[in-house]
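Comments concern the structure below.
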Amino acid sequence: MGTMRTLHFSGTPRAIGQAFGERCRDEIAEFYGLRVANAIDQAKKHGGRDVGEEALLGVARACLEPTRAYHPEGFEELAGIAEGAGMTVEQILAMNGLTDLRDVLAWSGELEAFGGCSSFVIEGGMTASGRALCGQSWDLATDNMPFVCVVHRRPEGGPETWSLTTVGCLTLIGINDAGIAVGTTNVRTVDARPGVTYLSILHKALAAREFDAAVAAVTEAHRAGAHYYYLVDGTGQIATLECSARAAARVELADGFHVHCNHCQVPKNALIEGSTPSASSHRRQARMTELIEAGRGRLDIAAMQAALADHENGEDAICRHDYAGISSNGAVIMDPGAPAAVACHGPPCGAEWIDMLATATAR
């Protein structure tokens with residue numbers, strides 16, 4: 001892919017959303033169509049259910065009020081995106097929360113993990129700088145790649161944020177000017193339900209100026225589906241949370257770091273895991289662990305760029321190239337204590353990395 005594009009928005013959450021929707025109107029409509037088609041296909045293929053767009057939107061409508069109550073500012077941005085794009089709020093919410101809504105709509109015990117992601121958090125004692133590092137690849141359908149972007153927001157009354165996401169969507173992987181960084185990988189448990197979807201959770205976490213408030217945004221949400229979340233701040237505080245829809249479990253770092261891909265590592269979550277973890281998830285986790293161990297004490301952004309570009313294990317490599325329709329659509333590495341954050345568009349092995357924070361933070 002080419003250079004990652006960065007979109008800049010400021011104002012009230014509603015105004016930011018409206019500008020985002022207007023700026024990317026045609027792309028949002030196209031991306032929404034891809035996401036709906038995927039949900040319908042998954043329902044038929046893995047759940048044996050013949051459903052249409054209205055079934056997906058029905059689940060999305062059930063998520064509207066929980067989302068509004070959970071984070072009014074985030075909901076205002078979703079509503080603004082809908083207005084700017086000429087779509088309904090439930091359509092925009094469905095596009096944002098597809099990973100969770102798909103689990104509600106079309107659950108199957110035989111469902112292979114969709115997409116992927118290989119994430120890491122590393123304590124300062126293992127890095128060359130003495131500061132904590134975090135980041136991940138972001139693996140999803142290859143045809144989603146044109147819609148990936150970095151969004152720089154300067155909301156009234158809230159921290160400035162930078163995040164890797166897709167057109168018309170809230171925060172996915174990002175950092176704010178309070179030095180809080182967040183990210184996520186997908187896991188699946190059978191307790192999925194209508195509720196707050198993962199991008200809304202990450203958006204609220206990144207709207208926090210205090211680390212404890214960011215963590216609470218994850219643990220106290222009425223979550224729609226299962227995800228692993230990591231949070232790191234500029235002082236080196238780290239929270240790694242593997243969540244089902246109904247329970248949040250803090251994972252302790254072992255030997256100064258933690259790697260998480262797409263299978264449950266918390267025993268209680270593994271008991272209700274909705275699909276057999278893929279070989280890819282286990283092999284990516286093992287390889288990332290190996291690379292971090294080998295670099296102990298010397299790890300920095302460049303080392304982690306190389307790790308995310310690793311091709312060991314072929315189709316099960318960290319850097320993925322259209323395997324079964326899935327590619328590494330992008331990646332992010334963050335050093336909140338510097339602060340520093342870099343991102344790339346497409347598989348990291350050949351992508352150009354950009355400085356996410358190149359825009360001055362001065363208001």
Donor-acceptor pair, [X] side chain versus [Y] backbone, under 3.5 Å?
X    : Y    : answer
N96  : Y198 : no
Q265 : V259 : yes
Q285 : S118 : no
S281 : N262 : yes
N329 : S327 : yes
T219 : A248 : no
W138 : A331 : no
S129 : R131 : yes
T165 : L170 : yes
S328 : R320 : yes

Residue pair H152, E160: steps toward the side chain to side chain donor-acceptor pair (under 3.5 Å) verdict: CA-CA 8 Å; H152 167 225; E160 189 170 9; 2.5 Å; yes

If I compare all heavy atoms of [X] with all of [Y], which pair ends up nearest, and what's the gap?
X    : Y    : result
R193 : R223 : NE-O, 2.9 Å
A226 : N186 : O-OD1, 3.6 Å
I238 : A132 : CD1-CB, 4.4 Å
A85  : R25  : O-CG, 3.6 Å
L206 : N176 : O-ND2, 2.8 Å
A239 : F211 : N-CZ, 3.7 Å

Test applied, side chain to side chain donor-acceptor pair (under 3.5 Å); reference residue, H227; option that passes from T197, D100, T189, T185: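 Only one of T197, D100, T189, T185 forms a side chain to side chain donor-acceptor pair (under 3.5 Å) with H227, namely D100.
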
[X] side, atom [atom1]; [Y] side, atom [atom2] - distance, nearest 0.5 Å:
X    : Y    : atom1 : atom2 : answer
L172 : C149 : CG    : SG    : 10.5 Å
T171 : L164 : OG1   : CG    : 10.5 Å
I180 : T235 : CD1   : OG1   : 9.5 Å
M304 : D310 : CE    : CG    : 10.5 Å
R154 : F9   : CZ    : CZ    : 13.5 Å
I173 : S163 : CD1   : OG    : 9.0 Å

Set of residues satisfying side-chain hydrogen bond (donor to acceptor under 3.5 Å, both in side chains) with respect to E27, sequence neighbours excluded: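 R5.
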
CA sep, side-chain torsions, deciding dist, call: V215, L241, side chain to side chain contact (heavy atoms under 4.5 Å, CB included): CA-CA 9 Å; V215 173; L241 302 159; 4.1 Å; yes

I want to check something: taking the side chain as every heavy atom from C-beta on, are [X] and [Y] in contact at a cut-off of under 4.5 Å?
X    : Y    : answer
L133 : P336 : no
H8   : W162 : no
E312 : R283 : no
V148 : M4   : yes
I333 : F120 : yes

Any residue meeting salt bridge (charged side-chain N to carboxylate O under 4.0 Å, His left out) with E293, in chain and number order, not counting sequence neighbours: R296

Between Y228 and H258, ring centroids under 6.0 Å: yes

Is the shortest side-chain N to carboxylate O distance from [X] to [Y] below 4.0 Å?
X    : Y    : result
D177 : R209 : yes
D316 : R284 : no
E77  : R153 : yes

Are [X] and [Y] connected in the hydrophobic side-chain network, where two residues link if heavy atoms are under 4.5 Å apart?
X    : Y    : answer
V342 : V182 : no
L308 : V121 : no
L7   : L202 : yes
I175 : Y230 : yes

Worked check of side chain to side chain contact (heavy atoms under 4.5 Å, CB included) between L98 and L56: CA-CA 9 Å; L98 182 73; L56 178 65; 4.2 Å; yes

Derivation and outcome, side chain to side chain contact (heavy atoms under 4.5 Å, CB included), residues I292 and I122: CA-CA 9 Å; I292 291 173; I122 305 169; 4.1 Å; yes

Derivation and outcome, side chain to side chain contact (heavy atoms under 4.5 Å, CB included), residues L291 and R287: CA-CA 6 Å; L291 292 170; R287 179 58 176 164; 3.7 Å; yes

Tabulate below the donor-acceptor pairs under 3.5 Å that side-chain atoms of residues 68-75 make, not counting sequence neighbours, or state none.
{"residue": "R68", "atom": "NE", "partner": "E65", "partner atom": "OE1", "Å": "3.3"}
{"residue": "R68", "atom": "NE", "partner": "E65", "partner atom": "OE2", "Å": "3.2"}
{"residue": "R68", "atom": "NH2", "partner": "E65", "partner atom": "OE2", "Å": "3.1"}
{"residue": "Y70", "atom": "OH", "partner": "A217", "partner atom": "O", "Å": "2.6"}
{"residue": "H71", "atom": "ND1", "partner": "G74", "partner atom": "N", "Å": "3.3"}

Under 3.5 Å side-chain donor-acceptor pair for H260 and E242: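 There is such a pair (donor and acceptor under 3.5 Å, judged by atom type) between the side chains of H260 and E242.
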
